[in-house]
Amino acid sequence: MPHLESIGVGEGVRRLAGGLAELLWPTRCAGCDAPGTLLCERCRSRVVVIDQAWACPHCGAPFGSLVCTECTDCLVADDPDAPRAGTLGHLAELDAVCCYGVHAWPLDEAIRAYKDAGERRLAPLLAEMLASALGATRAFDPSRADAIAFVPATPGAFARRGFDHMEPVARALSGLLGIPVRDALARRDARDQRGLSRAGRLENAHGATIPVDDMPGARVLLVDDVLTTGATLSQAARALRLSGALQVFGACVSRAW
Ligand SMILES: [Zn+2]
Ligand SMILES: [Zn+2]
């Protein structure tokens, strides 16, 4: 270890603090629990990365560039007798969507470790994944976006985790893309039902996303961690449109079914 005077006292203290933190909370791979890295090279190479050349521009699923089996549901969403009608119908609120990888091991574990096991240092890695998908997507041109918004956590999840999990990812992505973050959305507290209509109460019960900022004419890059049915992303996109956004592009770290 170099003498403190040669590296500066401030840097020395930082290294000591880092060493102590490493002793108390050792860095472990989210995929295989091996020590030393947040996601080891071996696990990282096992992530099923979606080839953007073949991905569905509507829902981000792999192999959907021509005919997407996931979006077949969406196309028949207006027919109430259609099987699974409306599953992805709400994604109509978005202009296009891209997703980085398939929601399977070890990507699912990395997201879980970040959100629910307190490994917040994974935020820059998740942002890198989003940037990678955005750099390759053919669904839209991310450089046209003039703001990044993130899907806010429900009040319950916020209280449990102690942070709004997509905010650090959005801020890290902002640093990579040079696009500012707008803290434009909030989730209603489902417990606070005062002053709402019956329809409002029903929506509120599901932790509806509401706009808290005006974004007239904005082209917004909306980020979230996992896209499954698209309902959450769509609610957030609708709220952005209510705030005046002209276009909403979705980008999610992983795509689940
Ligand atoms: Zn590993
Ligand atoms: Zn699709």
Side-chain angles (χ1 to χ4, degrees), residues 28-34 37-71 74 87-88 91 94-117 119-142 145 148-151 153 165-177 179 221-234 236-237 248-257:
R28 297 267 177 196
C29 171
C32 69
D33 210 35
T37 57
L38 295 169
L39 189 64
C40 75
E41 281 306 312
R42 190 172 157 274
C43 285
R44 223 181 147 161
S45 71
R46 301 279 294 275
V47 173
V48 183
V49 178
I50 294 172
D51 184 344
Q52 297 300 325
W54 296 99
C56 172
H58 183 63
C59 75
F63 312 115
S65 60
L66 297 175
V67 178
C68 176
T69 51
E70 294 305 302
C71 284
C74 180
T87 307
L88 283 166
L91 279 175
L94 289 122
D95 289 277
V97 172
C98 75
C99 301
Y100 171 74
V102 173
H103 197 64
W105 185 90
L107 187 56
D108 56 353
E109 278 301 320
I111 291 170
R112 194 197 60 77
Y114 170 65
K115 282 202 300 193
D116 296 318
E119 190 44 276
R120 298 194 197 180
R121 294 173 297 173
L122 278 164
L125 179 63
L126 300 180
E128 272 175 40
M129 291 174 172
L130 284 173
S132 166
L134 288 164
T137 184
R138 298 180 180 189
F140 57 95
D141 178 3
I148 295 174
F150 56 91
V151 174
H165 65 283
M166 284 312 289
E167 183 172 6
V169 178
R171 299 212 178 273
L173 183 66
S174 170
L176 294 172
L177 302 184
I179 300 171
L221 188 57
L222 173 64
V223 298
D224 201 5
D225 51 357
V226 186
L227 192 153
T228 308
T229 64
T232 308
L233 194 70
S234 174
V248 184
F249 307 112
C252 298
V253 178
S254 85
R255 183 74 172 87
W257 287 272

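As a basis for the values below, the full set of heavy atoms in this structure was taken, side chains included, without hydrogen atoms, waters or symmetry mates. Index from 1, following the sequence.
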Any residue meeting side-chain hydrogen bond (donor to acceptor under 3.5 Å, both in side chains) with R28, in chain and number order, not counting sequence neighbours: none
Separation between [atom1] of [X] and [atom2] of [Y], rounded to the nearest 0.5 Å:
X: L107; Y: R46; atom1: CG; atom2: CZ; value: 13.5 Å
X: E119; Y: R112; atom1: CD; atom2: CZ; value: 11.0 Å
X: L39; Y: L122; atom1: CG; atom2: CG; value: 7.0 Å
X: H165; Y: L126; atom1: NE2; atom2: CG; value: 9.5 Å
X: L221; Y: C98; atom1: CG; atom2: SG; value: 7.5 Å
X: F249; Y: L134; atom1: CZ; atom2: CG; value: 10.5 Å

Taking all heavy atoms of [X] and all of [Y], pick out the closest pair and write down the distance.
X: V151; Y: M166; result: O-CB, 3.9 Å
X: A172; Y: P124; result: CB-CA, 4.1 Å
X: A96; Y: A139; result: CB-O, 3.6 Å
X: C56; Y: C71; result: SG-SG, 3.6 Å
X: L130; Y: C252; result: CD2-C, 3.5 Å
X: A61; Y: C68; result: CB-SG, 4.2 Å

So, does [X] use its side chain to make a donor-acceptor pair with the main chain of [Y] at under 3.5 Å?
X: R255; Y: T228; answer: yes
X: Q52; Y: C99; answer: yes
X: S174; Y: I179; answer: yes

Got [X] and [Y] here, is their nearest side-chain heavy-atom distance under 4.5 Å?
X: F140; Y: D95; result: no
X: V49; Y: Y100; result: yes
X: L91; Y: E70; result: no
X: F150; Y: L173; result: no
X: C59; Y: V97; result: no
X: V102; Y: W257; result: yes
X: P106; Y: V47; result: yes

Audit row: V169, D225, side chain to side chain contact (heavy atoms under 4.5 Å, CB included) steps and yes/no: CA-CA 9 Å; V169 178; D225 51 357; over 6 Å; no
Electrostatic pair E41:R44 at N-O distance under 4.0 angstrom: no
